[in-house]
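Step one of this worksheet: look at the structure below.
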Amino acid sequence: MSTDRNPGVPLDLSWFDRIAVNTPATEARAAQLTTRRSLKKNYQAAWLVNAIHCMDLTTLAGDDTEDRVARLCAKARAPLADHILAGLGLEGVTTGAVCVYPTMVAAAVRALEGTSIPVASVATGFPAGLMPLDLRLAEIRYAVDQGAQEIDIVITRAHVLRADWQALYDEIAAMREACGAAHMKAILATGDLKTLRNVYKASMVAMQAGADFIKTSTGKEGVNATLPVSLTMVRALRDYGARTGYRIGFKPAGGMKTAKDALAWQILMKEEMGTDWLRPDLFRLGASSMLADIERQLEHHVTGRYASSSRHAIA
Ligand SMILES: O=C[C@H](O)COP(=O)(O)O
């Protein structure tokens, strides 16, 4: 994660209150992204490896155990089998981070000892966020005390639905304060926000309040990461950067399961923000099952055949 933090700015409604988002045009542009550019085979392999570098490898399930987290971290340390690495002429490929619940952070920190892979923790009453603010802030501090270097907070959707931008700004600013040195990703739960206009506004308020990253979803909404929503959020972070000079990261998450998804979202980032953005300090893919398909595709790229199943079943 880049060291230049987003200090945030005072809440300024004029940056978004008259924003118009053309939904059909956004949807058309998103659809075009994955059809207009086709990646040649060798480039495809390189983009898939880059997706691993940018991946927040995640387990956020009610039946998570320390053993499962340890297995996930082993996968984060060595996501590709040795013969695939050799075939690609690579070594030392690891994921961007591991993302878990707060009570699993210590197990992840132990399992990642000796690596530079950060532990990210969801917090603030993930996934619904419907808890008193003081308890949500305490959960952030707990996760940081356990060793989390990144915190994925969830916003109160009702503040967006009621257009209570001051309340949204205040809660995110308080969360940012509680994060201390830990980098903060603001999960907007875009599937609950009804319109792309609300997505843009919530993105802008989260960045004004100091979010280092904006993230689409918890993975638990009915609709999670989509390309039109992602396009809207990326345009918001571009507008924020144009006004402030700060580069805010973007993390699509939830429901992305294939290598094709990994390529589609990277094409979006490249087309909208440039290749410079395809780095773990500015772009993350939040996914619990995408890595298996990426490994399958890279296996095929190297050997010409598909493995029967991933070597990394962590269930
Ligand atoms: O933040 C990460 C998401 O919860 C992952 O969602 P997923 O399990 O659909 O990949």
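We number each residue from 1, following the sequence as shown. Heavy-atom basis, side chains included; hydrogens, waters and symmetry copies ignored. One-based numbering, in listed order, for ligands and for the atoms of each.
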Open item on the list: Are Met175 and Ile155 packed together at the side-chain level, in the sense that at least one heavy-atom pair is separated by less than 4.5 angstrom?
Closed with: no
Task: pair Ile84-Glu299: side-chain heavy atoms closer than 4.5 Å - done: yes
TODO: Using the side-chain hydrogen bond (donor to acceptor under 3.5 Å, both in side chains) rule, take Thr156 and Glu171 through it: C-alpha gap first, then chi angles, then the decisive distance, then the call.
DONE: CA-CA 8 Å; Thr156 301; Glu171 77 167 12; 2.7 Å; yes
Task: Enumerated ligand 1 atoms positioned under 4.0 Å from heavy atoms of Thr58 - done: 2 (C)
- [ ] Just need the protein heavy atom nearest to atom 6 (O) of ligand 1, so name the residue and atom and give the distance.
- [x] Gly254 CA, 3.4 Å
Open item on the list: I need the atoms of ligand 1 closer than 4.0 Å to a non-hydrogen atom of Ala287, numbered in the order shown.
Closed with: 10 (O)
Task: Lys257 heavy atom under 4.0 Å from ligand 1 - done: yes
- [ ] Give the atoms of ligand 1, by number and element, whose distance to some non-hydrogen atom of Ala253 is under 4.0 Å.
- [x] 1 (O), 2 (C)
TODO: Around atom 9 (O) of ligand 1, find the nearest protein heavy atom and jot down its residue, atom name and distance.
DONE: Gly255 N, 2.8 Å
Task: Basic-acidic side-chain contact under 4.0 Å: Arg247, Asp281 - done: no
Task: Protein heavy-atom partner closest to atom 10 (O) of ligand 1 - residue, atom, separation in Å - done: Ser288 N, 2.9 Å
- [ ] Kindly give the cluster partners of Leu161, where membership spreads through any ILVMFWY side chain lying under 4.5 Å from a current member.
- [x] none
Task: Shortest protein heavy-atom distance from atom 5 (C) of ligand 1, along with the residue and atom involved - done: Gly286 O, 3.8 Å
- [ ] Report, in ascending order of atom number, the atoms of ligand 1 lying under 4.0 Å from any heavy atom of Leu60.
- [x] 4 (O)
Open item on the list: I need the contact type for Thr218 against ligand 1. Using non-hydrogen atoms and a strict under-4.0 Å cut-off, is it side chain, backbone, both or neither?
Closed with: backbone
Open item on the list: Check this for me: does any side-chain nitrogen of one of Glu295 and Lys75 sit under 4.0 Å from a carboxylate oxygen of the other?
Closed with: no
- [ ] Determine the interplanar angle of the Phe16 and Trp165 rings, folded into 0 to 90°, and report it as parallel if under 30°, tilted if 30 to 60°, perpendicular if over 60°.
- [x] perpendicular
TODO: Return the residue, atom name and 0.1 Å-rounded distance of the protein heavy atom closest to atom 1 (O) of ligand 1.
DONE: Lys215 NZ, 2.9 Å
TODO: Among Thr58, Ile52, Asp261, find the one that has a side chain to side chain contact (heavy atoms under 4.5 Å, CB included) with Met290.
DONE: Asp261
